[in-house]
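Quick notes on the structure that follows.
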Amino acid sequence: MPFTYWGFGGTDPALYARAASKGTIATDVPTNHSAAFAPVVQPTLDTGVQAAVVAALACLGDGARSRS
């Protein structure tokens, strides 16, 4: 059975900017497998939903749009 996986995450821009200015992005910005990782809810949620819908419609083809 075919399947797909989409992963979306959003880092706090202020946290990223502070780490970038210190040159410590790799150590100060947690990634998705870190216990400290917590994506910024917006715009991550909206972006993820929009991207998933577009991808699903692209995979399902024109027939999906005509049934909705």
Side-chain angles (χ1 to χ4, degrees):
M1 171 178 279
F3 72 94
T4 189
Y5 173 83
W6 292 294
F8 298 95
T11 299
D12 179 353
L15 171 67
Y16 190 90
R18 282 192 304 273
S21 71
K22 296 188 298 184
T24 58
I25 293 171
T27 57
D28 290 352
V29 178
T31 58
N32 63 340
H33 292 286
S34 165
F37 179 71
V40 176
V41 174
Q42 289 298 342
T44 305
L45 182 61
D46 287 345
T47 302
V49 169
Q50 291 170 5
V53 168
V54 168
L57 288 173
C59 290
L60 294 171
D62 288 337
R65 283 188 285 274
S66 65
R67 289 190 298 268
S68 58

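All values below come from the heavy atoms of this structure, side chains included, with hydrogens, waters and symmetry mates left out.
F37 and V41 are not part of a single hydrophobic cluster, where members link through side-chain heavy atoms under 4.5 Å apart.
Residue pairs that meet the salt bridge (charged side-chain N to carboxylate O under 4.0 Å, His left out) test with at least one member in residues 39-53, sequence neighbours left out, do not exist here. Pairs engaging residues 29-42 under the salt bridge (charged side-chain N to carboxylate O under 4.0 Å, His left out) rule: none recorded [sequence neighbours left out]. Residue pairs satisfying the salt bridge (charged side-chain N to carboxylate O under 4.0 Å, His left out) criterion with at least one member in residues 27-36, sequence neighbours excluded, are listed as follows: K22-D28.
Between the T47 side chain and the T44 main chain, no donor and acceptor come within less than 3.5 Å of each other.
Between P30 and A36, the shortest heavy-atom distance links the atoms CG-O, 3.7 Å. The two residues Y16 and I25 have their closest heavy-atom pair at OH-CD1, 3.4 Å. Nearest heavy-atom pair, V40 versus Q42, reported as atom, atom and distance to 0.1 Å: CG1-O, 3.0 Å.
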